[in-house]
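Numbering starts at 1 and runs along the sequence shown. Scope of the values below: all heavy atoms of this structure, side chains included, with no hydrogens, waters or symmetry mates.
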Amino acid sequence: MKKMACIGLMGFAGLVQAAGTGITAGQVTQNAVKWQQEPLSRQVLSDLATLHQTLASYCKSDERSPDLSEVRTAFGKASVSWGAMRAAVFGPMLEFDTLRLIDFQPTDPEMIHNAALTKPHGEADMILIGSAAKGFPALSWLLFQKNIKPGQAECNYAVEVTHDITDTINSLDWRVHDDGDASEVNAEQSRALQSYFRQLVGGVHDLAWDGLEKPELRIQQGSAPQWPSGDPAQADAYLQQTWKALRELLLMPDPAAAQDTAHTVISLEAYLRSRGYSVVANHLHAQIVNVDAQFKRVQTKDTASVNKTADALKVLQNLMQGEVSKTLGFKLNFVALGDY
């Protein structure tokens, strides 16, 4: 995957108002990787380091009744950070199929049990284990359903799964490569932007369905909701951080707010305005603000607020798939988050 140069120190307002070509496709996609995904990855890695240390200590405990709560808390924090990072999958995460490697669902408890019995250690062993027995969902199952205890094969396996997630994120290459004139919007840049746009749509859909509607449907059917956080206590925080990351990619920042213009994510709205599509940008802005208002009120224990937020997200998705996609000249067939 070729990468374009960053926009450098040019001010955000200057970019939006630039005459002629406006913001390029390369600037949008590269800045999203450099100024959102890479910083979020550092937070995830920091939280995973805490989780690994806490989990390893727990699994070595010789206490008669060891307390799993500290491990669960550390997992919940890492899961929330990961939720923000995977809000939309693009750049190195899309290139290396990261979502399949560490966030594959559904999990397979039998596969997890069998994998634990093999006592894997390190990358060479973990690469042989199927995705349904690895990643954040597998860890969630081990911590909240299996209720692992020191001395069990599953406890040591949970440590290896945590290490494997860390290795996968550490392997992502965030380096910026300058492939030429970033002001020229060529066919390759356009394809990259279309792929990025598809992931934004996929992210909105994923948050509406997997984040809100699907868990609520399970509740109505008398089953456990299975919120995407993997930790029931962090369900609301996960949803809020995921939406926060998506909103940054979609909504133009408040011009009145203080901004670090040297390190800026260029939102979809800003790109539309820079290309002269102010009417469509206004429609997009209004619906993002509407979704944002719903997220200020949503609580996973409140069915009405969950449904209203999901409905607002679906309106946003339809707007992006329809009017916005047509304006940008994209032929958009829906693709699930993380798929090409």
Side-chain angles (χ1 to χ4, degrees), residues 79-80 82-90 93-94 97-108 131-132 135-138 140-141 195-232 234-251 268 284 287-325 330 332-340:
S79 176
V80 170
W82 167 241
M85 184 179 171
R86 64 156 334 261
V89 180
F90 50 89
M93 285 183 66
L94 184 62
D97 206 9
T98 306
L99 208 60
R100 180 186 65 81
L101 293 174
I102 61 175
D103 203 357
F104 183 89
Q105 297 190 57
T107 55
D108 186 328
S131 295
F136 282 96
S140 173
W141 184 84
S195 174
Y196 171 72
F197 179 76
R198 285 153 67 96
Q199 294 306 313
L200 292 181
V201 176
V204 172
H205 170 82
D206 188 76
L207 184 54
W209 171 242
D210 286 311
L212 295 164
E213 290 184 305
K214 187 177 177 181
E216 188 60 38
L217 181 61
R218 288 180 59 86
I219 291 174
Q220 294 174 10
Q221 294 172 342
S223 302
Q226 293 184 356
W227 299 102
S229 62
D231 175 2
Q234 295 298 326
D236 288 298
Y238 183 100
L239 294 173
Q240 292 295 336
Q241 289 303 307
T242 302
W243 168 243
K244 180 181 177 181
L246 269 176
R247 183 184 61 204
E248 183 182 31
L249 299 173
L250 296 171
L251 184 67
L268 177 61
L284 180 67
Q287 187 52 34
I288 297 169
V289 169
N290 181 41
V291 173
D292 200 46
Q294 297 303 324
F295 265 97
K296 286 180 170 63
R297 294 187 287 268
V298 69
Q299 293 183 346
T300 52
K301 294 181 179 180
D302 180 1
T303 298
S305 69
V306 167
N307 291 336
K308 287 180 180 179
T309 306
D311 288 344
L313 282 166
K314 287 189 287 185
V315 173
L316 175 60
Q317 178 187 339
N318 290 336
L319 175 64
M320 293 173 68
Q321 285 185 268
E323 185 179 9
V324 177
S325 179
F330 296 156
L332 185 67
N333 295 320
F334 175 71
V335 177
L337 184 66
D339 290 343
Y340 282 95

In chain order, what residues pass the ring pair (Phe, Tyr, Trp, His ring centres under 6.0 Å) check against [X], with sequence neighbours excluded?
X	answer
Trp227	none
Tyr238	none
Phe295	Trp243

Restricting to salt bridge (charged side-chain N to carboxylate O under 4.0 Å, His left out), what partner residues turn up for [X], sequence neighbours left out?
X	answer
Asp210	Lys214
Glu248	none
Asp103	Arg86

Between Lys314 and Asp311, does a salt bridge (charged side-chain N to carboxylate O under 4.0 Å, His left out) hold up when you go through it step by step? CA-CA 5 Å; Lys314 287 189 287 185; Asp311 288 344; 3.5 Å; yes
Does the side chain of [Y] come within less than 4.5 Å of [X]'s, by heavy atoms?
X	Y	result
Val89	Thr98	no
Pro137	Thr107	yes
Leu268	Ile288	no
Gln221	Leu217	yes

Could you pull out all residues at least two apart from [X] that satisfy side chain to side chain contact (heavy atoms under 4.5 Å, CB included)?
X	result
Leu249	Ala32, Gln36, Ala88, Phe90, Tyr196, Leu200, Val265
Phe104	Arg100, Ser131, Ala132
Gln241	Val80, Ala84, Lys244
Ala312	Gln287, Asn290, Val291, Gln294

Would you be so kind as to tabulate the donor-acceptor pairs closer than 3.5 Å made by side chains of residues 296-304, with sequence neighbours excluded?
residue : atom : partner : partner atom : Å
Lys296  : NZ   : Asp292  : OD2          : 2.7
Thr300  : OG1  : Asp236  : OD1          : 3.4
Thr300  : OG1  : Asp236  : OD2          : 3.2
Asp302  : OD1  : Ala304  : N            : 3.3
Asp302  : OD2  : Ser305  : OG           : 3.4
Thr303  : OG1  : Glu216  : OE2          : 2.8

Is the side chain of Ser325 donor-acceptor paired with the backbone N or O of Phe330 at a distance under 3.5 Å, no angle test?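 Flag set: sc Ser325 to bb Phe330 pair under 3.5 Å.
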Between [X] and [Y], what is the shortest heavy-atom contact and its length?
X	Y	result
Leu313	Leu207	CD1-CG, 3.9 Å
Gly83	Thr242	O-OG1, 3.3 Å
Ser140	Gly230	OG-O, 2.7 Å
Arg218	Pro225	CD-O, 3.5 Å

Would Leu284 and Leu316 satisfy side-chain contact (heavy atoms from CB on, under 4.5 Å), going step by step from the backbone distance to the final call? CA-CA 8 Å; Leu284 180 67; Leu316 175 60; 3.8 Å; yes
Test side chain to side chain donor-acceptor pair (under 3.5 Å) applied to Gln240 - qualifying residues, sequence neighbours left out: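 Here no residue qualifies.
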Nearest-0.5 Å distance that lies between atom CE in Met93 and atom CD in Gln199: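 Going from CE on Met93 over to CD on Gln199, the span is 9.5 Å.
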What is the distance from atom CD of Gln321 to atom CZ of Arg198, rounded to the nearest 0.5 Å?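 With rounding to 0.5 Å, CD (Gln321) is 10.5 Å from CZ (Arg198).
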